[in-house]
2 protein chains.
Amino acid sequence: MPSRRELNKAATRQAITDAALALLRSNGPGNFTVEDIADAAGISRRTFFNYFSSTEAAIAAVTFGFLDTALQQFRLRPAGEPFLESARAALVELADPMTVAPLAELYSLGQTNPQLSRSELEAWDHCTVEIITAARERLREGVELDELYLRALAGSVISCGKAAMDVWFLRCGGSLTPESLSTLRQLLIDSMGLLGSGFARPDAAPSTTQATIPADNSTATPPPDRH
Amino acid sequence: MPSRRELNKAATRQAITDAALALLRSNGPGNFTVEDIADAAGISRRTFFNYFSSTEAAIAAVTFGFLDTALQQFRLRPAGEPFLESARAALVELADPMTVAPLAELYSLGQTNPQLSRSELEAWDHCTVEIITAARERLREGVELDELYLRALAGSVISCGKAAMDVWFLRCGGSLTPESLSTLRQLLIDSMGLLGSGFARPDAAPSTTQATIPADNSTATPPPDRH
DNA sequence: CTAAAACTTGCCCTGAGTGCAAACATGCAC
DNA sequence: GTGCATGTTTGCACTCAGGGCAAGTTTTAG
């Protein structure tokens with residue numbers, strides 16, 4: 001049961017990120033100060049720094065939240081399941097309007113601003129570290145556990161997830177329509193498929209993914225114009 | 001032929017990064033100011049900012065140089081060669097004392113300091129972008145070119161290279177002895193092998209790498225204690 | 001109710017980063 | 001060489017980030 005103190009802190013924290021995001025939307029990145037955020041959140045400048053070490057950190061909290069959702073999903077998967085299958089399932093869960101919306105917004109803002117994209121980078125890296133931990137627990141069963149295998153796999157999974165999101169933004173511009181989300185879901189599935197097949201050249205077998213991972217293809221996009 | 005102006009600029013640039021690195025070594029990260037760097041490099045504080053936008057950027061130039069070497073190596077590979085083979089070859093070229101030394105030093109300093117590791121992150125990301133470009137040129141031959149394939153592959157290659165270096169630092173602490181470099185070389189080869197095999201569980205075939213990529217195993221480490 | 005603990009705030013300081021304009025160096029034409 | 005156009009360095013002044021400190025305020029525990 002959360003005490004009064006904890007509730008207050010959580011509320012303040014939320015007020016700060018909300019204010020920061022609102023300013024980001026209205027003024028554009030880099031066009032507001034910590035003082036602006038503090039004023040909007042109804043606290044003092046000094047208090048802001050009790051919660052976040054920088055504007056960047058306040059905004060990055062959003063991305064962290066998104067990626068933490070992914071990690072939670074991953075941990076929920078049965079331990080016996082193949083790693084890539086768990087990763088695929090966890091990633092597909094992210095293609096949900098409520099979950100992906102904040103990230104989509106940040107992403108489009110980040111396109112024009114280097115400061116933002118750097119903090120997103122950091123969030124993805126943090127996620128890699130977390131998934132290495134999760135994977136270590138998962139694979140510990142198999143006695144001797146190769147550190148390189150662990151790290152290379154975790155890093156690649158995150159890279160592929162990131163690549164899928166990048167391509168999605170490229171194609172759909174972060175739109176949240178059902179078709180767009182369906183595309184995202186398929187991209188995430190495909191990227192895991194590529195990873196699992198060792199990036200066999202696509203000319204050999206055009207859609208290996210469909211064969212190896214028969215996921216919810218009911219809503220899948222018809223092969224979109226891969227230009 | 002470089003003009004006097006260009007020579008001066010290059011020299012100043014070099015003086016700045018040298019000074020920054022020296023201060024990093026002597027004072028530790030975060031314990032010196034831009035003014036300190038400028039003084040040591042014999043320029044004014046203001047001029048420093050004409051060259052680099054921050055201390056971080058000045059130091060990141062080193063990592064960028066390292067990764068640019070890798071990219072150069074990649075571009076030198078014959079266009080017909082399989083992508084992963086080119087990547088492997090390019091990465092192995094990095095396991096050279098002169099090339100890897102600055103990165104090893106930065107890495108060990110970065111372990112204790114978040115500011116540093118973040119700029120290294122940025123450099124790796126920049127490298128991913130570059131390798132996507134290089135790969136796009138390479139694969140353009142194969143007419144229709146899947147953006148997801150491209151990005152997922154490039155991202156994974158970089159992730160695996162990074163993982164190999166991470167494990168190397170973990171095992172060898174950035175030592176530059178021939179044995180250590182040989183370990184690094186083997187780790188890089190192994191990580192590309194894992195990627196190429198779709199991360200087939202190692203318990204199935206303990207050392208797939210050796211079979212698929214018969215590289216210069218003459219100097220390779222005997223299977224080190226993979227704890 | 002009271003005292004300790006946790007949190008907020010204002011004050012003040014160092015240092016990052018940038019616009020501006022004056023001084024300075026270089027390149028080029030004659 | 002002289003003179004001029006162009007590029008580079010520097011000092012100055014300003015805004016804002018970030019954080020130490022101590023005094024004030026709220027919450028919790030007894």
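- Residue Arg4(A) contributes atom CZ, which lies 13 Å from atom P of dA29(D) at whole-angstrom precision.
- As rounded to whole Å, 14 Å separates atom C1' of dG17(C) from atom CD1 of Ile37(B).
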Could you go over nucleotides 23-25 of chain C and give all protein N or O partners under 3.5 Å, atom names and distances?
from    : atom 1 : to      : atom 2 : distance (Å)
dA25(C) : N3     : Arg5(B) : NH2    : 3.3

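- Nucleotide dT27(D) holds its P atom 14 Å from the NZ atom of Lys9(A), rounded to whole Å.
- The shortest distance between the side-chain N/O atoms of Ser3(B) and the OP1/OP2 oxygens of dT26(C) is not below 4.0 Å.
- Annotation: the span from Asp68(B) atom CG to Thr63(B) atom OG1 amounts to 10.5 Å, rounded to 0.5 Å.
- In the set dC11(C), dA16(C), dT10(D), the nucleotide with an atom closest to the side chain of Arg46(B) is dT10(D).
- Atom OH of Tyr51(A) and atom P of dA6(C) are 14 Å apart (whole Å).
- Of the candidate nucleotides dT28(D), dC16(D), dA16(C), dC16(D) has the atom lying nearest to any side-chain atom of Thr33(A).
- Taking only side-chain nitrogens and oxygens, Ser53(A) never comes nearer than 4.0 Å to OP1 or OP2 of dG19(D).
- Judged by distance alone, the side chains of Trp168(A) and Ser180(A) do bring a donor and an acceptor atom under 3.5 Å apart.
- Here Ile59(A) contributes atom CD1 and Ile16(A) contributes atom CD1; the two are 12.0 Å apart, rounded to the nearest 0.5 Å.
- Atom OG of residue Ser156(A) and atom CG of residue Leu195(A) lie 5.5 Å apart, to the nearest 0.5 angstrom.
- Axis angle between the ends of the helix from dC1(C)-dG30(D) to dC30(C)-dG1(D), five pairs each and rounded to 10 degrees, works out to 20°.
- Salt-bridge check for Lys162(A) with Glu120(A): failed, with every basic side-chain N at 4.0 Å or more from each acidic carboxylate O.
- To the nearest 0.5 Å, the span separating CD on Glu93(A) from CG on Leu76(A) amounts to 9.0 Å.
- The CZ atom of Arg45(A) sits 11.0 Å away from the CD1 atom of Ile37(A) when rounded to the nearest 0.5 Å.
- Side chain of Phe49(A), nearest nucleotide from dG27(C), dG15(C), dG18(D): dG18(D).
- Ion pairing between Glu85(A) and Arg88(A) holds under the 4.0 Å rule for side-chain N and carboxylate O.
- Residue Ser44(A) has a polar side-chain atom (N or O) positioned under 4.0 Å from OP1 or OP2 of dT9(C).
- Across the protein-nucleic acid pair, Asn31(A) atom CG and dG17(C) atom C1' stand 15 Å apart, rounded to whole Å.
- A sub-4.0 Å separation between OP1 or OP2 of dA17(D) and a side-chain N or O of Ser54(A) is absent.
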- Item | Worked check of side-chain hydrogen bond (donor to acceptor under 3.5 Å, both in side chains) between Asp166(B) and Tyr107(B) | CA-CA 9 Å; Asp166(B) 285 346; Tyr107(B) 190 93; 3.1 Å; yes
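- Side-chain proximity of Arg45(B) to dT10(D), dG27(C), dA13(D): nearest is dA13(D).
- To the nearest 0.5 Å, the span separating CG on Asn50(B) from OG1 on Thr12(B) amounts to 10.5 Å.
- Here the nucleotide nearest the side chain of Asn50(B), chosen from dA17(D), dC20(C), dT9(D), is dT9(D).
- For Glu35(B) and dG11(D), the CD to P distance is 10 Å, given to the nearest whole Å.
- dC7(C) atom C1' lies 17 Å from atom CZ of Phe48(A), rounded to whole Å.
- Rounded to whole angstrom, the span from the CD atom of Gln115(B) across to the P atom of dA17(D) amounts to 15 Å.
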